[in-house]
Amino acid sequence: YDLHNVIVAGNNYTPTQAIVGIKPLTCAEISPDTVVVHSAAGPVNFELASLTNWTLSASQPWITPATTSGIAGFFNYANGASASVTANASYSPRFGVLVMSDGVVNDTLVIRQNGIVPSLYATPNTLTYAAAGGSQNFNISSDSNWVVTSPDPWLSFLPSTGSGNA
């Protein structure tokens, strides 16, 4: 940028006398830089701007852009700047990237999709024993591995580890 004179509050200043905040628009910009979404399938909304024609592609098959190309302009969710993600059935988060390009400049949006939260339930959640002791059963409902422990040495569990329901 070649700034000679800047008018600030009606006064004429040279560029050395005033701080001017100008952020040049590159040919292709996508915003924000990173989005975090839940494990369920759903939309990913963003904004993009370009001074020329642009393309949009996804690095992972679980990300589908609503549109893959466009003309110069500003776009948000209302006019096509969105993608959808499929459900993440894993416990681990996964990452993918949307790449916007005008053929010269690339800009990226990183998508982090959280994993599912493991479920674990024990029923009944309270057991009462007589002074003489004894054994009782309880049920475990889980979609993952589990371990039963107690800080009290007089309690024991069989089985003490497992996977799924028991």
Side-chain angles (χ1 to χ4, degrees), residues 1 3 6 8 15 18-127 138-152 155 157 159-166:
Y1 295 103
L3 296 177
V6 178
V8 179
I19 298 173
V20 179
I22 298 175
K23 180 183 177 196
L25 175 68
T26 63
C27 291
E29 287 188 9
I30 191 167
S31 179
D33 295 329
T34 304
V35 173
V36 178
V37 296
H38 296 288
S39 61
V44 177
N45 298 324
F46 51 90
E47 295 177 342
L48 56 88
S50 179
L51 299 175
T52 63
N53 293 345
W54 52 268
T55 60
L56 188 63
S57 59
S59 67
Q60 300 294 326
W62 50 270
I63 304 170
T64 304
T67 186
T68 57
S69 63
I71 60 172
F74 172 80
F75 301 87
N76 60 22
Y77 177 74
N79 60 1
S82 69
S84 60
V85 295
T86 61
N88 182 3
S90 169
Y91 297 113
S92 300
R94 60 186 180 180
F95 297 85
V97 177
L98 282 174
V99 179
M100 179 188 181
S101 177
D102 67 357
V104 177
V105 175
N106 291 340
D107 199 14
T108 59
L109 166 66
V110 175
I111 300 172
R112 173 194 163 129
Q113 186 179 30
N114 292 329
I116 60 172
V117 177
S119 69
L120 175 65
Y121 301 98
T123 55
N125 60 5
T126 302
L127 297 173
F138 61 94
N139 297 313
I140 296 175
S141 297
S142 177
D143 63 357
S144 59
N145 298 333
W146 49 264
V147 177
V148 180
T149 62
S150 172
D152 299 310
L155 285 173
F157 304 97
S160 61
T161 63
S163 180
N165 300 330

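Quick note: numbers below take in every heavy atom, side chains included, and nothing from hydrogens, waters or symmetry partners.
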* Quick one: does Phe46's side chain get under 4.5 Å of Ile111's, heavy atoms only? -> no

* Asked: If you round to the nearest 0.5 Å, how far is CH2 of Trp146 from OG of Ser160?
  -> 7.5 Å

* Asked: So do Ile63 and Val44 actually touch side chain to side chain, heavy atoms under 4.5 Å?
  -> no

* **Set of side-chain contact (heavy atoms from CB on, under 4.5 Å) partners for Ser90, sequence neighbours left out** => Asn88, Ser92

* Donor + acceptor pair across side chains of Ser82, Asn45 (<3.5 Å) -> no

* Asked: Does any non-hydrogen side-chain atom of Phe75 lie less than 4.5 Å from one of Leu56?
  -> no

* Asked: Taking Phe138 as the fixed residue, which of Thr123, Asn125, Leu127, Thr126 is the one that meets the side chain to side chain contact (heavy atoms under 4.5 Å, CB included) rule?
  -> Leu127

* Say whether, by atom type as modelled, one donor and one acceptor occur between the side chain of Gln113 and the main chain of Thr86 under 3.5 angstrom. => yes

* May I ask you to test the Ile140-Val148 pair for a side-chain heavy-atom distance under 4.5 Å? => yes

* Asked: With sequence neighbours excluded, what pairs up with Thr149 under the side-chain contact (heavy atoms from CB on, under 4.5 Å) test?
  -> Val147

* Structure fact -> Separation between OG (Ser69) and CG (Asn53), nearest 0.5 Å, reads 8.0 Å

* **Close side-chain approach of Tyr91 to Asp143, heavy-atom, < 4.5 Å** => yes

* Asked: For the side chain to side chain contact (heavy atoms under 4.5 Å, CB included) test, which of Leu48, Leu109, Thr108 pairs with Leu98?
  -> Leu109

* Check: Thr67 and Trp54 side chains under 4.5 Å, non-hydrogen atoms -> yes

